**Q** 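I have a structure here, written as structure tokens, and I will follow up with some questions on it.
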Amino acid sequence: MDQNTPAADQDAVYDPAVAEPRWQAAWAARDCFRAADVPAGDKPKYYVLEMFPYPSGKIHMGHVRNYTLGDVVARYKRARGFDVLHPMGWDAFGLPAENAARQRNIPPARWTYDNIAAMRSELKRIGLSLDWSREFATCDPAYYGQQQKIFLDFWQAGLVERRLSAVNWDPVDNTVLANEQVIDGKGWLSGAAVEKRNLAQWFLKITDYAPELLAGLDALPRWPERVRTMQANWIGRSEGAEVTFPLTAPAGDIHDVSVYTTRPDTLFGMSFLAIAADHKLAAFAAQTNDSVRQFIAECHSAGTSEAAIETAEKRGIDTGLFVIHPFTGAKFPVWIANFVLMDYGTGAIFGCPCGDQRDLDFARKYHLPVPVVIAPADAGLDFTITDKAYDGPGLIRNSDFLDGLDSPAAKSRAIAALEERKAGRGVVNWRLRDWGISRQRYWGCPIPVIHCPSCGPQPVPAADLPVRLPEDVSFDRPGNPLDHHPSWKHVACPACGAPALRETDTFDTFIDSSWYFARFCAPEAATPTDRRAVDHWLPVDQYVGGIEHAILHLLYARFFTRAMEKCGHVGLAEPFAGLFTQGMVTHASYKNADGQWLYPEEVEFAADGAATARADGRPVSVGRIEKMSKSKRNTVDPGVIIDRFGADTARWFVLSDNPPERDVEWTESGVQGASRFLTRLFRLTARVADEAVQPHHESLSAPAKALRQATHRCIAAVSEAVEHFAFNVAIAKLHELANHLADSEKHPADPSLLWARRECAGIAAQLVAPFVPHLAEDIFARLNPGHPALVAELDWPQADPSLVALDELTIAVQIMGKLRGTILLPPGADAETAYEAALAEPNVARALAGMTIVKRIHVPDRIVNFVVRS
RNA sequence: GCGGGCGUGGUGGAACUGGUAGACGCGCCGGACUCAAAAUCCGGUUCCCAAAAGGAGUGUCGGUUCGAUUCCGACCGCCCGCACCA
């Protein structure tokens with residue numbers, strides 16, 4: 001074939017708009033992706049799950065990326081002989097539906113189900129290999145009714161508690177605010193300063209499982225290391241001491257204050273004692289001291305988020321009370337500090353400014369002493385602390401019986417001394433707090449509890465489940481519509497029959513997503529799970545989702561699975577054997593001359609890159625590349641891309657440009673590149689399809705052998721890359737294969753080459769199938785007219801090891817670690833052979849002239865390095 | 001503030017367990033085809049130096065090593081999470 005083959009010679013055209021719906025229909029007609037609750041065959045199972053979407057109304061590129069990543073795995077594993085479960089559903093409860101109801105007067109249920117319908121049809125256009133028969137939404141009563149059953153089982157199992165807990169309270173709207181609705185300490189709608197208010201709420205005792213949740217991380221080798229680290233830090237096991245400080249005079253019925261510390265070795269460095277604003281001793285101090293009362297009130301107006309607390313200016317107030325140091329008998333003042341958290345430890349700390357930066361900042365600010373009790377081992381006697389605390393390892397000084405010890409030794413000595421004096425003890429503490437699950441909202445799963453004035457909280461009887469959300473609710477005033485509903489909450493106590501009130505709080509939506517993966521195994525079951533189905537399918541073999549869920553969602557799901565195990569709903573502790581966290585889809589953002597955000601399609605670019613608005617031709621400033629979001633208008637609608645280029649192009653692009661764990665920037669040129677490659681691959685293979693079919697040839701021409709080697713090396717490389725989630729590398733290898741196939745057109749078409757070309761094209765179709773499944777089917781069908789199977793039903797191609805192995809390797813020759821030449825050696829060549837060949841290399845020989853070789857290094861099949869002296 | 005991560009040519013990135021830095025793509029440059037353009041095809045493309053030889057180079061600074069994008073320390077920048085957004 002001629003070196004320059006104009007495309008105009010080629011008649012075959014690929015039209016995704018026609019082909020994609022056709023192949024989607026073919027898969028559906030043959031039920032290719034349907035799984036059984038309890039499969040009959042003996043194929044190994046593989047459960048692929050992507051984090052299910054919130055039905056916001058439109059799919060965005062982040063969804064396309066997330067679901068395409070999972071789809072590659074699902075299709076690959078299916079081809080590898082696994083029985084694959086790949087379901088989809090909707091995380092359908094949550095605040096946006098209530099906001100829509102308030103702003104646009106649409107009932108949350110209708111808004112949600114309309115959104116689901118719209119997103120389902122968009123999702124279907126992507127060509128995902130999903131088992132749609134398992135679809136459900138968490139707002140379906142059939143789902144949340146089972147969730148209520150699970151909650152009651154947890155209650156019976158002793159995993160549920162009711163206690164007071166703080167919420168963000170908007171005093172103007174008289175409503176509870178989510179953290180995201182608190183902006184700079186003010187309610188997002190009312191603008192009123194938010195207060196903390198304590199409400200009786202339900203908690204799940206996740207802390208009972210803290211040791212197991214921590215230890216379990218070691219059994220998750222297929223989780224990203226950083227996610228395990230983040231979870232371990234979040235659970236936060238620490239070993240320290242609880243120390244009791246007697247007050248110099250009783251404060252009401254309070255005689256002492258307990259603190260938790262991880263640094264008992266620095267107890268002699270105490271400068272003050274600080275308690276949380278919610279500490280009972282703070283309340284006592286407030287009784288007689290107006291400024292203390294005012295300070296506590298200020299602390300209560302800060303909002304509940306930890307980030308807000310930690311970033312706020314560190315402030316405190318002296319209560320005028322004193323405690324006695326258990327070792328020295330010295331008196332120290334008791335302060336209230338806004339950075340001491342009631343939820344952690346005992347709600348009180350001892351301030352040691354020399355060893356803790358926060359304590360030091362506090363001491364400097366309020367002119368408290370800074371005794372130095374620890375210093376680096378090599379520090380002199382003049383070691384002092386100015387504005388930087390020393391929290392590293394070191395030797396203890398100025399500390400009586402701890403002097404000269406290193407920190408670990410001093411810790412155990414201090415704990416022993418505390419225990420001797422009955423002034424404290426060594427304890428293990430956890431940062432993890434129990435999971436507050438009550439939400440004062442409508443659009444969530446009702447908590448199945450009835451409050452009776454005489455019997456207390458009573459479970460709703462199983463026969464009365466599900467407790468359904470009433471649909472005749474109004475959003476014309478702030479607060480929870482369930483609470484306002486005229487009749488819904490008024491019921492008879494299930495125990496005594498007296499008039500009682502339904503719980504009007506609903507569950508945290510994290511509960512909905514803490515067990516959906518189990519429900520997918522048997523979504524129709526009359527019980528929360530079908531044990532045969534979950535025993536077969538769980539754990540999820542590959543879970544795919546955003547890194548933003550690294551801690552909360554994944555930790556809650558791990559806890560929930562253990563709690564479900566305790567109640568017999570599942571037979572395992574860890575729900576997700578493999579986890580992959582993908583990056584975000586980003587895009588440049590644009591602002592016009594008036595400072596308004598513009599959509600990418602509203603911007604025009606000149607040859608020099610200058611941007612102007614299409615509407616009025618005025619200049620546009622190109623902003624940062626950031627996460628696609630509606631507010632910045634830097635979104636690209638997947639539907640529009642599929643209309644223009646087809647789903648395969650969108651899939652290929654989101655996979656090709658970046659490693660999946662990293663953010664990907666959506667660019668127009670990248671999409672066109674993807675589209676161009678797919679068209680090129682189609683043309684290349686279409687030309688092969690037009691060639692005469694040849695019998696298998698044992699003796700190969702040189703170009704045929706080279707092409708077969710390239711083909712089989714590509715099988716090996718793509719398989720390896722897919723196994724490691726390196727989809728961008730897999731795609732690069734497929735580009736190379738296409739280049740090899742194109743190169744083969746330059747050689748005379750001998751029969752063995754024609755045979756090799758057909759092999760190459762067919763294998764290429766199979767290798768691209770997980771990424772661009774529609775195009776793969778089209779190419780395959782064209783190459784194999786009348787073939788009974790779809791690519792979706794074929795086994796993954798096998799690489800022939802004899803074609804994958806290389807006969808010669810390029811070995812680098814270095815002198816003092818610098819590259820001076822390369823030599824060709826057969827694989828496995830020994831060191832002496834390598835040195836000999838290296839010394840014979842002209843450039844190496846020249847560089848070595850006049851040098852003495854001091855040392856020779858040989859790494860087989862990789863490198864030779866000479867260490868020399870002149 | 002705390003915890004976790006990331007940083008490589010003009011650009012997205014590749015590089016197995018410390019062993020030839022820049023695979024593959026985008027862009028750009030040159031060529032073929034075309035009346036011309038688009039599309040397509042072929043070739044080139046880290047920087048310095050006219051080429052070769054050589055030198056520099058993976059955010060910055062320092063360390064370990066025969067050899068560091070990879071390991072260690074400090075710093076800078078960006079991103080994720082912080083318990084009621086999902």
Side-chain angles (χ1 to χ4, degrees), chain A residues 2-10 51 53-54 56 91 93-96 167-168 176-182 224-227 229-230 233-234 236 304-312 314 339 343 357-358 432-433 435-441 508-510 513 546-553 555-556 581 583-584 624 626-627 656-659 661-665 667 669-670 672-674 676-677 679-680 683 720 724 726 728-729 731-736 739 742 746 810-819 821-822 843 846-847 854-857 859 862-868:
Chain A
D2 193 66
Q3 192 168 349
N4 297 312
T5 308
D9 293 358
Q10 305 298 321
M51 291 179 186
Y54 179 80
S56 59
D91 188 14
F93 276 134
L95 278 177
V167 294
N168 299 308
V176 176
L177 299 178
N179 280 340
E180 73 157 5
Q181 298 174 320
V182 179
E225 184 70 39
R226 61 177 161 155
V227 174
T229 307
M230 281 190 266
N233 290 341
W234 184 263
T304 57
S305 98
E306 191 182 317
I309 293 163
E310 293 282 332
T311 49
K314 308 284 176 285
F339 60 86
D343 292 314
Q357 192 60 43
R358 245 176 7 181
L432 184 67
R433 310 199 295 257
W435 178 11
I437 52 169
S438 299
R439 297 291 181 270
Q440 296 70 40
R441 313 197 191 291
D508 177 5
T509 56
F510 270 125
S513 53
I547 185 69
E548 66 272 22
H549 295 291
I551 296 175
L552 291 180
H553 161 58
L555 190 62
Y556 289 145
T581 53
M584 300 179 298
R624 294 163 15 118
E626 51 196 318
K627 183 177 178 171
S656 66
D657 231 28
N658 274 64
E661 68 274 15
R662 235 186 274 183
D663 292 351
V664 62
E665 187 194 352
T667 59
S669 58
Q672 278 169 0
R676 193 183 311 154
F677 174 77
T679 307
R680 176 165 174 251
R683 291 208 185 102
E720 158 100 8
H724 291 96
N728 56 327
V729 179
I731 283 176
K733 298 296 177 188
L734 289 163
H735 273 282
E736 287 178 0
N739 291 342
K746 296 174 190 167
T810 308
I811 311 289
V813 182
Q814 298 181 338
I815 296 170
M816 301 298 280
K818 281 193 184 293
L819 183 70
T822 59
N843 207 40
R846 183 171 46 217
V854 183
K855 191 177 173 187
R856 305 181 302 180
I857 291 144
V859 180
R862 286 197 185 277
I863 206 163
V864 171
N865 188 13
F866 296 111
V867 183
V868 298

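These numbers come from a predicted model, not from an experiment. Within every chain, numbering begins at 1; the chains are lettered A, B, ... in the order of the sequence lines, protein sequences first and strands thereafter.
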**Q** Would you say N843(A) places a side-chain N or O within less than 4.0 Å of OP1 or OP2 belonging to G54(B)?
**A**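 The answer is yes; a side-chain N or O of N843(A) sits under 4.0 Å from OP1 or OP2.
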**Q** Let me know the distance between NZ of K314(A) and C1' of C2(B), rounded to the nearest Å.
**A**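 Result: 9 Å.
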**Q** Relative to the 5' end of RNA chain B, which residue comes earlier, L177(A) or V859(A), by the nucleotide with the nearest heavy atom?
**A**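 The residue mapped nearer the 5' terminus is V859(A).
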**Q** Give G436(A) one of three labels, base, sugar-phosphate or nothing, depending on what nucleic acid heavy atoms sit under 4.0 Å from its own.
**A**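 G436(A): backbone/sugar contact only, no base atoms under 4.0 Å.
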**Q** Pick the P atom in C85(B) and in C80(B), then give their distance to the nearest Å.
**A**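 Each nucleotide's P atom is 16 Å from the other's.
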**Q** Could you list the residues that satisfy side-chain contact (heavy atoms from CB on, under 4.5 Å) with Q440(A), not counting sequence neighbours?
**A**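 In terms of side-chain contact (heavy atoms from CB on, under 4.5 Å), with neighbours along the sequence ignored, Q440(A) is linked to V167(A), V176(A), L199(A), Q201(A), S438(A), D505(A).
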**Q** Separation of D343(A) atom CG from C82(B) atom C1', in whole Å?
**A**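 It is 13 Å, rounded to the nearest whole Å.
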**Q** Over how many whole Å does the gap from E306(A) atom CD to G1(B) atom P extend?
**A**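 After rounding, the reported distance stands at 14 Å.
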**Q** Under the side chain to side chain contact (heavy atoms under 4.5 Å, CB included) criterion, do W234(A) and L552(A) qualify, and how do the steps go?
**A** CA-CA 9 Å; W234(A) 184 263; L552(A) 291 180; 3.8 Å; yes
**Q** Does S513(A) reach a base, just sugar-phosphate, or nothing at all? Heavy atoms under 4.0 Å.
**A**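 Nothing: the residue S513(A), judged by heavy atoms under 4.0 Å, touches no strand.
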**Q** Taking the chi torsion of G9(B), is it syn (within 90° of 0) or anti (everything else)?
**A**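 Judged by the O4'-C1' to base torsion, G9(B) sits in syn, the angle falling within 90° of 0.
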**Q** Given the rule in the side chain to side chain contact (heavy atoms under 4.5 Å, CB included) test, do N865(A) and R856(A) qualify, once you have shown the distances and angles that lead to the verdict?
**A** CA-CA 6 Å; N865(A) 188 13; R856(A) 305 181 302 180; over 6 Å; no
**Q** Have a look at F339(A) and say if it touches a base, only the backbone sugar-phosphate, or nothing, with a 4.0 Å heavy-atom cut-off.
**A**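 The answer is nothing, as F339(A) stays clear of every strand by at least 4.0 Å.
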**Q** Name the orientation class of the two ring planes belonging to H735(A) and F677(A) (parallel below 30°, tilted from 30 to 60°, perpendicular beyond 60°).
**A**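 Ring orientation, 0 to 90° scale: tilted.
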**Q** Name the closest nucleotide to the Q440(A) side chain, picking from C84(B), U40(B), G12(B).
**A**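 Of all the options, the side chain of Q440(A) is nearest to C84(B).
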**Q** Can you list everything that forms a salt bridge (Lys or Arg N to Asp or Glu O under 4.0 Å) with E306(A)? Sequence neighbours excluded, please.
**A**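 For E306(A) the salt bridge (Lys or Arg N to Asp or Glu O under 4.0 Å) partners, ignoring immediate neighbours, are R431(A).
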**Q** N/O contacts under 3.5 Å, protein versus nucleotides 66-70 of chain B?
**A**
unit_1	atom_1	unit_2	atom_2	d
C66(B)	O2	N865(A)	ND2	2.3

**Q** Check nucleotides 3-11 of chain B against the protein and report each pair of N or O atoms closer than 3.5 Å, with its distance, or say if there are none.
**A**
unit_1	atom_1	unit_2	atom_2	d
G3(B)	O3'	N233(A)	ND2	2.9
G3(B)	O2'	N233(A)	ND2	2.8
G5(B)	O2'	R226(A)	NH1	3.4

**Q** Need one value for H549(A): base, sugar-phosphate or nothing, where a base atom within 4.0 Å counts as base even if backbone is also close, heavy atoms only.
**A**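 Answer is base: heavy atoms of H549(A) come under 4.0 Å of a base.
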**Q** Quantified in whole Å, what is the P atom distance between nucleotide C47(B) and nucleotide A15(B)?
**A**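 About 23 Å, rounded to a whole number of Å.
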**Q** Among all residues two or more places apart in sequence or in another chain, which pass the salt bridge (Lys or Arg N to Asp or Glu O under 4.0 Å) test with R433(A)?
**A**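 With sequence neighbours excluded, R433(A) shows a salt bridge (Lys or Arg N to Asp or Glu O under 4.0 Å) to D343(A), given in chain and number order.
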**Q** Return the nearest nucleotide to the side chain of L552(A); candidates are G1(B), C82(B), C84(B).
**A**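 The answer is C82(B), which lies nearest to the side chain.
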**Q** Report the residue (R358(A) or A742(A)) whose heavy-atom-nearest nucleotide on RNA chain B is the more 5′ of the two.
**A**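 Looking at the nearest nucleotide for each, R358(A) comes out on the 5' side.
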**Q** Tell me the closest heavy-atom pair linking Y54(A) and G94(A), and the distance in Å.
**A**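 Result for this residue pair: OH-O, 4.0 Å.
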**Q** With rounding to whole Å, what would you report as the distance between C71(B) and A14(B) at their P atoms?
**A**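 The same atom, P, in both gives a distance of 15 Å.
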**Q** At under 4.0 Å between heavy atoms, what does T679(A) touch on the DNA or RNA strands: base, sugar-phosphate, or nothing?
**A**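 Since no nucleic acid heavy atom lies under 4.0 Å of T679(A), the category is nothing.
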**Q** Where do P224(A) and T581(A) come nearest, in terms of heavy atoms and distance?
**A**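 The pair with the smallest heavy-atom distance is CG-OG1, 4.0 Å.
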**Q** Whole angstroms only, please: what is the CD-P distance between E661(A) and C79(B)?
**A**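 Rounding to the nearest Å, CD of E661(A) and P of C79(B) are 19 Å apart.
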**Q** Find the distance L555(A):CG to C82(B):P and express it as a whole number of Å.
**A**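 To the nearest whole Å, that distance equals 13 Å.
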**Q** Can you name the residues that form a salt bridge (Lys or Arg N to Asp or Glu O under 4.0 Å) with E310(A), not counting sequence neighbours?
**A**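 For E310(A) the salt bridge (Lys or Arg N to Asp or Glu O under 4.0 Å) partners, ignoring immediate neighbours, are R358(A).
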**Q** Between K746(A) (NZ) and C41(B) (P), how many Å, whole number?
**A**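 About 12 Å, once rounded to whole Å.
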**Q** For A307(A), report the nucleic acid contact type (base, sugar-phosphate, nothing); a contact means any heavy atom under 4.0 Å.
**A**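 A307(A): base contact, heavy atoms under 4.0 Å.
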**Q** Has R439(A) got a side-chain N or O lying under 4.0 Å from the OP1 or OP2 atom of C84(B)?
**A**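 Yes.
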**Q** Applying side chain to side chain contact (heavy atoms under 4.5 Å, CB included), run through F866(A) and Q814(A) and close with a yes or a no.
**A** CA-CA 6 Å; F866(A) 296 111; Q814(A) 298 181 338; over 6 Å; no
**Q** Hey, does L432(A) reach any base, or is it just sugar-phosphate, or nothing, if we go heavy atoms under 4.0 Å?
**A**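 Base: the residue L432(A), judged by heavy atoms under 4.0 Å, touches a nucleobase.
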**Q** Can you check the H553(A) NE2 to C80(B) P distance for me, whole Å?
**A**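 That distance rounds to 19 Å.
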**Q** Taking only the side-chain nitrogens and oxygens of N168(A), find out if one of them lies under 4.0 Å from OP1 or OP2 of C84(B).
**A**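 No.
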**Q** Dump the intermediate steps for side chain to side chain contact (heavy atoms under 4.5 Å, CB included) on I857(A) and V867(A), then the final yes or no.
**A** CA-CA 8 Å; I857(A) 291 144; V867(A) 183; 4.2 Å; yes
**Q** Which is true for P659(A) with a 4.0 Å heavy-atom rule: it touches a base, it touches only sugar-phosphate, or it touches nothing?
**A**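 Counting heavy atoms under 4.0 Å across all strands, the contact made by P659(A) is with sugar-phosphate only.
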**Q** Which atom names give the shortest non-hydrogen contact between A550(A) and M230(A), and what distance separates them?
**A**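 Nearest pair, atom of A550(A) first, then M230(A): CB-CE, 3.8 Å.
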**Q** Taking only nitrogen or oxygen atoms into account, show me every contact under 3.5 Å that the protein makes with nucleotides 23-25 of chain B, one pair per line with its distance.
**A**
unit_1	atom_1	unit_2	atom_2	d
A23(B)	O2'	E736(A)	OE2	2.7
G25(B)	OP1	N739(A)	ND2	3.4

**Q** The side chain of T311(A) is closest to which nucleotide in this list: G1(B), C84(B), A86(B)?
**A**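 The answer is G1(B), which lies nearest to the side chain.
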**Q** Not counting sequence neighbours, which residues clear side-chain contact (heavy atoms from CB on, under 4.5 Å) with V182(A)? List them please.
**A**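 Only N168(A), L177(A), V194(A) meet the side-chain contact (heavy atoms from CB on, under 4.5 Å) criterion with V182(A).
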**Q** Sticking with atom P, work out how far A56(B) lies from G67(B), rounded to a whole angstrom.
**A**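 Rounded to whole Å, the distance is 14 Å.
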**Q** Who passes salt bridge (Lys or Arg N to Asp or Glu O under 4.0 Å) against R680(A), sequence neighbours left out?
**A**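 By the salt bridge (Lys or Arg N to Asp or Glu O under 4.0 Å) rule, R680(A) matches no residue at all.
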**Q** Going by the rule side-chain contact (heavy atoms from CB on, under 4.5 Å), which residues pair with V729(A) if we only count those two or more places apart in sequence or in a different chain?
**A**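 Residues passing side-chain contact (heavy atoms from CB on, under 4.5 Å) with V729(A): A721(A), A726(A), K733(A).
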**Q** Between atom CG in N658(A) and atom P in A14(B), what is the gap in whole Å?
**A**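 The answer, rounded to whole Å, is 8 Å.
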**Q** Select base, sugar-phosphate, or nothing to describe what V167(A) touches, counting heavy atoms under 4.0 Å on all strands.
**A**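 Base contact.
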**Q** List the residues meeting side-chain contact (heavy atoms from CB on, under 4.5 Å) with E661(A), not counting sequence neighbours, and say none if there are none.
**A**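 E661(A): side-chain contact (heavy atoms from CB on, under 4.5 Å) contacts with R226(A), F580(A), P659(A).
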**Q** If only atom types and distance count, is the side chain of D91(A) paired as donor or acceptor with the main-chain N or O of P53(A) below 3.5 Å?
**A**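 Between the backbone of P53(A) and the side chain of D91(A) there is no qualifying donor-acceptor contact (under 3.5 Å).
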**Q** In which ranges does RNA chain B form stems of 3 or more consecutive Watson-Crick or G-U pairs, distances under 3.5 Å?
**A**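 Ordered by first number, the stems with RNA chain B (at least 3 consecutive pairs each) read B:1-7 with B:76-82, B:10-12 with B:24-26, B:27-32 with B:40-45, B:46-48 with B:54-56, B:59-63 with B:71-75.
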